[in-house]
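Just so you know, ligand 1 is whichever comes first in the structure, and atom 1 is the first atom listed for that ligand.
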Amino acid sequence: MMVSAMRNILVLGGTTEASALARALAEQGERATLSYAGRVAQPGAQPIAVRVGGFGGVIGLVHHLQASHVTHVVDATHPFAARMSSHAIAACQQLKIPMLALTRDAWQPGPGDRWQSVADLPSAAAALSGPPQRVMLAVGRMHLATFAAQPQHHYILRLVDEPNVLPPLPHHTTIVARGPFDMAGDIGLLREHRVDIVVSKNAGGSGAQAKLQAARTLGLPVLMVARPQLPARQEVTGVADVLAWLAMADSGVTVAHSVTSRDAERGV
Ligand code: NAP
């Protein structure tokens, strides 16, 4: 494929999809940089340039895009990384840089699922009021403090890295593991830790879905946290869609399958 000599792509990463896109861009010989927030101690090696750390808000991102002569931005952050995504929308609008989000469809409940949908993490914590339970909390280390409001439970925490500060939950078990996970393994985990209820962000994708399939198999309830709202933007769900968008972005053609708002997938 012909690569535009002018193109310089910034991929906002932190997801499996961002890494898959990085591989595809490298294969096509594109000039691209993958940006990490720096939350994970040792992210995997990447075949394109990598930068790490926040930009410093919208202003910092605008400066970065200008100084690095970025021509296209692909936001492949996690669906719950709402601040970064909002900043990317604002900065790209300001500079009139084409931007596309590479995201995943939200998970939807199927037969046998016992999901209770909640709007956000504080609502998930509030829904846990009541007698002590054994709660699998698969929400990431940044959000554990929210659940300190319900200290009566024993929390089973699955985290990517060993926490460097003690989780603010009086009763907990920490499991350090990096996905993707599989259903048999997660059934074993839920059984071994005698989990009563699972708390999950509606991340979508396959890497973290095993715990939901395991909960269904064991008949366990799930508190499912809906995705945060974002300003309207163009979204796709496949790496091939991003490549098609890059090929067409210069010509002004809109890529099929894209949507402009996340509202359509908030049906959980
Ligand atoms: P966030 O709340 O939207 O972002 C907070 C701040 O972190 C942003 O304002 C930005 O700082 C910086 N940041 C976030 N993503 C960045 C990136 N890719 N490159 C450079 N700076 C970035 O996001 P978060 O929830 O903290 O997530 C941080 C990262 O972890 C994201 O890359 C995301 O894809 C990944 N991740 C998040 C989750 C989740 O559940 N939230 C799960 C798995 C992976 P400045 O304002 O200084 O630019």
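- Legend: residues meeting side-chain contact (heavy atoms from CB on, under 4.5 Å) with Pro168, ordered by chain and number and at least two apart, are Leu144, Ala145.
- Checked by atom type and distance alone, the side chain of Asn8 pairs as donor or acceptor with a backbone atom of Ser68 at under 3.5 Å.
- Numbered from 1 in the order shown, with element, the atoms of ligand 1 that lie under 4.0 Å from a heavy atom of Gly54 read 11 (O), 21 (N), 45 (P), 47 (O), 48 (O).
- Residue contact check for ligand 1: Gly53 places a non-hydrogen atom closer than 4.0 Å to it.
- The protein heavy-atom contact nearest to atom 31 (C) of ligand 1 is Gly13 O, 3.8 Å.
- At least one test fails for Arg134 against the ring of Tyr155: distance under 6.0 Å to the centre or angle within 45° of the axis.
- Within the 4.0 Å heavy-atom cutoff, Gly56 counts among the residues contacting ligand 1.
- Arg141 places no side-chain N or O within donor-acceptor distance of the main-chain N or O of Pro163, the cut-off being under 3.5 Å.
- Thr173 and His154 are linked by a side-chain donor-acceptor pair at a separation below 3.5 angstrom, with hydrogens and angles left out of the test.
- The protein atom (non-hydrogen) at minimum distance from atom 48 (O) of ligand 1 is Phe55 N, 2.6 Å.
- Annotation: Lys201 places an N or O atom under 3.5 Å from an N or O atom of ligand 1; distance criterion only.
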**Pair Met99-Ile89, side-chain contact (heavy atoms from CB on, under 4.5 Å): steps then yes or no** = CA-CA 7 Å; Met99 195 209 87; Ile89 293 166; 4.1 Å; yes
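- For Gly57, the closest heavy-atom approach to ligand 1 falls below 4.0 Å.
- The protein heavy-atom contact nearest to atom 30 (O) of ligand 1 is Arg39 CG, 4.1 Å.
- Nearest-heavy-atom check against atom 10 (C) of ligand 1 across Met84, His64, Arg83, His78 picks out Met84.
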**Message:** Between Arg227 and Thr103, does the side-chain contact (heavy atoms from CB on, under 4.5 Å) criterion hold? Intermediate values first, please.
**Reply:** CA-CA 12 Å; Arg227 296 175 173 197; Thr103 186; 4.0 Å; yes
Using distance only, find each side-chain donor-acceptor pair of residues 47-67 under 3.5 Å and give its atom names and separation, not counting sequence neighbours.
unit_1 : atom_1 : unit_2 : atom_2 : d
Arg51  : NH1    : Ser35  : OG     : 2.7
Arg51  : NH1    : Gly53  : O      : 2.8
Arg51  : NH2    : Gly53  : O      : 2.8

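- Looking at Asp186 and Arg158, a side-chain N of the basic residue comes within less than 4.0 Å of a carboxylate O on the acidic one, giving a salt bridge.
- Among Ala91, Ala203, Ala81, the residue whose heavy atom sits closest to atom 25 (O) of ligand 1 is Ala81.
- Each of the atoms 9 (O), 46 (O) of ligand 1 lies under 4.0 Å from some heavy atom of His87.
- Shown here is Arg191, whose CZ atom has no more than 12 heavy atoms of other residues, nucleotides or ligands within 6.0 Å.
- Near Arg51, with a cut-off below 4.0 Å to any heavy atom, the atoms of ligand 1 are 20 (C).
- In terms of polar-atom proximity, defined here as any N/O pair under 3.5 Å, Ser35 does make such a contact with ligand 1.
- The nearest heavy-atom contact from the protein to atom 29 (C) of ligand 1 is Ala37 CB, 3.7 Å.
- With ligand atoms numbered from 1 in the order given, ligand 1 contributes 3 (O) to contacts under 4.0 Å with heavy atoms of Ala82.
- Between Met142 and ligand 1, no N or O atom pair is found at a separation short of 3.5 Å.
- A perpendicular orientation is assigned to the rings of His72 and Trp245, their planes being inclined by more than 60° (bins at 30° and 60°).
- The N/O atoms of Leu12, backbone and side chain alike, include none that comes under 3.5 Å of an N/O atom in ligand 1.
- Taking atom 35 (C) of ligand 1 as the reference point, the nearest protein heavy-atom neighbour is Gly14 O, 3.8 Å.
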